[in-house]
Visitor: 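Provided herewith is a single structure, encoded as structure tokens, for subsequent inquiry.
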Amino acid sequence: MMNLLAQTQWWNWLPEKGSTFTQWVDPLFYFELILSVVLFVGIGGCMFYFAWKYHHKNREDHPHGSHHNNTLEIVWSVIPLGIVMFIFVWGFRGMMDMTQPQAYSTEIVVTASRWNWQFSYPNGAQSSMQDGLTVPVNQPIRIVLKTPLTDVIHSFYVPAFRIKKDAVPGRYNETWFKATQTGEYPIYCAEYCGQQHSQMRSKVRVVSEDEYYAFLADAANFLDNDPPAVAGQKVFAIKGCATCHSVEGKPGTGPPLNDVFASKVTLTDGSQVDADENYIMNSVKNPSSQIVAGFQDQMTVLDVSEKELDALIAYLKSISKHYVGNKE
Ligand code: CUA
């Protein structure tokens, strides 16, 4: 039993420590927790004690009623004020540190959308929700947070780093952190954003500086370096297409996308269209214009460049049995 208690660290209520912000959040949390318990037990205890001690007495025992006591009033006003100011100053210093990114931070753009996290690095490299956000250890990282105009509010939440910041359509938000040890830490969406809110999970991979630069070099320029269909598969992951579109034929929030290219697609109005390059382009740029029968108008308009679009089309060709052109 003692062994189990020691293993689970039952006294440790907070997530693992992954960033410098734990120095602010954790002690303040425990201070407030212990203070609250002490005050609750103290005040509650006094209340019950006095209720017991003075029960059964009627007013005749106190002919003059209770008296005003200046000293008492001042003491029980000033002490709580002092405690609250102490907590305020402590919390404010932490807040100032947590809201002001350090100069010379590595800047990474995090795009939240229904239902995807996309990470864009300074050299143009990108990584997908599945692969996670890769950052170097012991370096300040500034996060620029955004979400497409047509999307909803999400919230970038990394419990181990003690950061949580909303991504709001129509504005950029920022946050920052300095990871203190290598490892993997979960990212959650902390703002309810619809059907697959709970699936908006990713991770931060904190690696050594060498590993980080190796990753950057590797992840950059894949659109130029990989064959189009392979690059397209990466774009498919990075843009979060897989969240709604399976490539194994199983309908999700959106239609499955294997065996679609070069097939005939039936839309909600009953009309049939050829799934050619234009169909794919339209579906990406203006998804509401052609909703596949049996599905709802749910897709976010994503920011996809011409190159990325070409790669996506090449990928969809490569996974369609109907397409008989140049396959890998
Ligand atoms: Cu995105 Cu909840």
Side-chain angles (χ1 to χ4, degrees), residues 14-16 18-19 21 25 98-99 101 107-121 125-135 141-177 179 184-206 219 234-247 250-257 283-288 291 295-305 308 312:
L14 294 171
E16 57 186 325
S19 86
F21 294 154
V25 177
M98 294 169 79
T99 49
E107 207 169 271
I108 294 172
V109 178
V110 174
T111 308
S113 59
R114 280 172 296 170
W115 289 276
N116 185 45
W117 294 107
Q118 184 195 324
F119 310 105
S120 306
Y121 302 84
Q126 297 184 334
S127 64
S128 67
M129 179 159 79
Q130 289 75 28
D131 293 339
L133 165 64
T134 299
V135 296
I141 309 292
R142 178 174 183 252
I143 298 291
V144 178
L145 261 175
K146 64 185 184 110
T147 182
L149 266 178
T150 51
D151 215 278
V152 298
I153 302 177
H154 305 267
S155 191
F156 180 73
Y157 179 34
V158 187
F161 292 176
R162 312 288 188 263
I163 57 169
K164 186 194 277 176
K165 194 82 185 184
D166 280 4
V168 183
R171 66 174 289 179
Y172 292 95
N173 263 351
E174 67 172 6
T175 185
W176 79 281
F177 61 82
E184 288 192 2
Y185 307 94
I187 298 174
Y188 300 101
C189 177
E191 180 70 55
Y192 181 68
C193 54
Q195 208 177 12
Q196 296 194 46
H197 158 69
S198 61
Q199 301 303 312
M200 264 186 88
R201 282 174 306 188
S202 185
K203 63 191 173 192
V204 187
R205 282 179 58 229
V206 180
K234 288 183 183 172
V235 174
F236 196 81
I238 289 167
K239 298 294 173 187
C241 310
T243 310
C244 300
H245 301 283
S246 98
V247 289
K250 233 178 74 207
T253 304
L257 294 185
S283 300
V284 171
K285 303 242 168 198
N286 190 6
S288 301
I291 303 302
F295 294 92
Q296 282 175 351
D297 183 5
Q298 293 233 44
M299 182 166 148
T300 294
V301 183
L302 295 171
D303 182 18
V304 176
S305 71
E308 288 169 332
L312 272 178

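Every number for a ligand or one of its atoms is a count from 1 in the order of the listing. What you see is a predicted model, and the numbers here were worked out from it, not measured in a lab.
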Visitor: Quick one: are the ring centres of Phe21 and Phe161 less than 6.0 Å apart?
Guide: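 Centroid distance Phe21-Phe161: not below 6.0 Å, so no.
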Visitor: Distance alone, cut at 3.5 Å: any donor-acceptor contact between the side chains of Asn116 and Arg114?
Guide: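 Arg114 and Asn116 do not have a side-chain donor-acceptor pair below 3.5 Å.
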Visitor: Restricting to N/O/S atoms, is Tyr192 within less than 2.8 Å of atom 1 (Cu) of ligand 1 or not?
Guide: no
Visitor: Give the intermediate values and the outcome of side chain to side chain contact (heavy atoms under 4.5 Å, CB included) for residues Phe156 and Trp117.
Guide: CA-CA 9 Å; Phe156 180 73; Trp117 294 107; 3.9 Å; yes
Visitor: Which N, O or S atom name in His197 marks its closest approach to atom 2 (Cu) of ligand 1?
Guide: ND1
Visitor: Once the angle between the rings of Tyr157 and Tyr188 is folded into 0 to 90°, is it parallel (under 30°), tilted (30 to 60°) or perpendicular (over 60°)?
Guide: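 Tyr157 and Tyr188: tilted rings.
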Visitor: To the nearest 10°, what's the angle at atom 1 (Cu) of ligand 1 between atoms ND1 (His154) and SG (Cys193)?
Guide: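 It rounds to 100°.
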Visitor: Please state the angle at atom 2 (Cu) of ligand 1 spanned by O of Glu191 and SG of Cys189: what is it, rounded to 10 degrees?
Guide: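 Output for this angle: 90°, rounded to tens.
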